[in-house]
Amino acid sequence: MAQITLIEAVTQALAYEMARDDSVVVLGEDVGVNGGVFRATQGLQEKFGPLRVLDTPLDETTIAGVTVGLAAAGMKPVAEAQFEGFIYPMMEQIACHAARMRNRTRGRITVPAVWRAPWGGGIRAPEHHSEANEHLFTNIPGLRVVMPSSPARAYGLLLAAIRDPDPVMFFEPKRIYRQYKEEVPDDGEALPLDVCFVLRDGTDVTIVTWGAQVKEALEAADALAEEGISAEVIDVATLTPLDFDTIAESVQKTGRCVILHEAPKTAGFGAEIAARIAEECLYDLLAPVERVTGWDTHIPLFRLEMKYLPSAERVVEAAKRALAAS
């Protein structure tokens, strides 16, 4: 079995589902002839033709609107926003139509659509190409928000997202698109949505994260282990609906929690998790919840970019503060 990168896992999942289901179509800027700006759709137009892999105008509003219409008419469109920072013009169609259609029609019409977007910083791109604004979508009822952190989870979660009867925002951390490889069987097996993945068991502190920051969380857990501190690492994977039970179970065991994410701190999704822990796990806590996040500013240009992104060292420091406070 060949080892593949996260970006190759995305391509593999799209190809599998398009071959399995004729109603799946891919659309977006440069997704056809060029295979996408990151080559996530490379080879798909040659295999499935221009009627199923559609190059669109440079118009995110139209892409989003066409996607809603296709899905409402029975297709399963997978639309691409070239960068997550380009997704703002799509929000009116996503928030006002895609997310509301099931409720608005009392279930008569659903929108089985996926919006894919390369997400986050770390590739030396301008700030509008490096944003991490997943929290904007977690506050919209009717949407699922999914973010893989490895090739295997990208493959399985994208299959599940395409098969879901409701709209899914699928954010792909581009910093780890080609960072490492792992074996991913092309067997069409989807991973469950709405489930957190416990990547490492621990007893002293819980580290909760998602997307590219899973790498830093695991590195921090390794560093803490060298000092005799046992960290449990949870990959949220599906932000909404949130599998809070898995997080609560871990916090009940460890008594301490560090939440790690790339988005700005204020009103980031980590704030929601921290609030839930305060509401439902207060008496299990041995120390205040720590948050390690991006800063409340636009991500800077590349000379300062890595200063903005949370590091494993900051996670280690937060874990030690939690341990010292108890």
Side-chain angles (χ1 to χ4, degrees), residues 81-89 91 117-140 145-149 169 171-177 179 205-224 231 233-237 239-240 242 247 256-278 287-325:
Q82 277 195 342
F83 292 88
E84 201 265 355
F86 295 177
I87 211 165
Y88 302 116
M91 287 191 71
W119 168 97
I123 65 164
R124 298 191 167 196
E127 104 290 344
H128 210 50
H129 300 67
S130 302
E131 299 189 14
N133 286 332
E134 68 277 8
H135 54 289
L136 298 180
F137 296 90
T138 62
N139 195 239
I140 300 174
V145 179
V146 178
M147 192 179 304
S149 61
M169 308 304 301
F171 295 121
E172 300 163 8
K174 54 184 176 290
R175 178 160 60 95
I176 59 172
Y177 260 159
Q179 195 170 70
V205 62
T206 300
I207 303 174
V208 178
T209 190
W210 51 91
Q213 297 299 146
V214 166
K215 176 179 179 292
E216 281 69 33
L218 291 170
E219 289 174 355
D222 287 339
L224 289 166
V233 177
I234 296 176
D235 177 7
V236 173
L239 281 70
T240 51
L242 175 65
I247 297 171
R256 306 168 190 88
C257 185
V258 176
I259 301 168
L260 168 63
H261 63 72
E262 186 172 320
K265 185 174 186 177
T266 300
F269 192 64
E272 170 62 22
I273 296 175
R276 290 282 301 273
I277 292 172
V289 174
E290 294 277 348
R291 283 185 288 163
V292 179
T293 71
W295 308 101
D296 287 342
T297 183
H298 301 294
I299 188 168
L301 295 176
F302 70 86
R303 285 190 179 181
L304 293 174
E305 186 176 30
M306 299 314 291
K307 299 289 187 182
Y308 176 94
L309 298 177
S311 65
E313 290 75 19
R314 287 176 60 195
V315 180
V316 169
E317 292 169 3
K320 289 182 176 179
R321 284 196 301 270
L323 285 158

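Both backbone and side-chain heavy atoms feed into the values below; hydrogens, waters and symmetry mates do not.
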So, do P310 and V315 sit near enough that their side-chain heavy atoms are less than 4.5 Å apart? no

Do M169 and I87 have side chains that approach each other closer than 4.5 Å (heavy atoms only, starting at C-beta)? yes

For the atom pair CG (L323) and CZ (R321), what is the distance rounded to the nearest 0.5 Å? 11.5 Å

Please find the pair of heavy atoms, one from A263 and one from T293, that lie closest to each other, and give the distance. O-CB, 3.6 Å

Would a distance-only check, ignoring hydrogens and angles, find a side-chain to backbone donor-acceptor pair under 3.5 Å from K174 to F83? no

What is the minimum heavy-atom distance between D235 and G211, and which atoms define it? OD1-N, 4.3 Å

Minimum heavy-atom separation for L304 to P300, with atom names? O-CG, 3.6 Å

State the CD1-CD1 distance between I234 and I259, to the nearest 0.5 angstrom. 10.0 Å

For V208 and C257, the nearest pair of non-hydrogen atoms, with its separation, is CG2-SG, 3.8 Å

With heavy-atom distances below 4.5 Å as the criterion, would you say the side chains of N133 and Y88 are in contact? yes

State, with a plain yes or no, whether a side-chain heavy atom of F137 is found less than 4.5 Å away from one of M91. yes

Heavy-atom donor-acceptor pair, Y308 side chain to W295 backbone, under 3.5 Å: yes

Between A132 and P264 the two heavy atoms that sit nearest each other are O-CD, 4.0 Å

Should we say atom CG of N139 is surrounded by more than 12 heavy atoms from elsewhere, each under 6.0 Å from it? no

I need the W210 CH2 to W119 CH2 distance, nearest 0.5 Å. 8.5 Å

Trace of the side chain to side chain contact (heavy atoms under 4.5 Å, CB included) decision for R175 with Q213: CA-CA 10 Å; R175 178 160 60 95; Q213 297 299 146; 3.3 Å; yes

Would you check, one step at a time, whether the test side chain to side chain contact (heavy atoms under 4.5 Å, CB included) holds for T209 with V258? CA-CA 9 Å; T209 190; V258 176; over 6 Å; no

For R291 and A271, work out which heavy atoms get closest and say how close. NH1-CB, 3.6 Å

Would the distance check show the side chain of E305 and the main-chain N or O of R124 forming a donor-acceptor pair, the cut-off being under 3.5 Å? yes

Begin with the C-alpha distance, continue with both residues' side-chain angles, and end with the deciding distance and a verdict on side chain to side chain contact (heavy atoms under 4.5 Å, CB included) for T138 and E272. CA-CA 10 Å; T138 62; E272 170 62 22; over 6 Å; no

Do I247 and L242 come close enough that some side-chain heavy atom pair is under 4.5 Å? yes

Distance, nearest 0.5 Å, that separates CD of E131 from CZ of F171: 11.0 Å

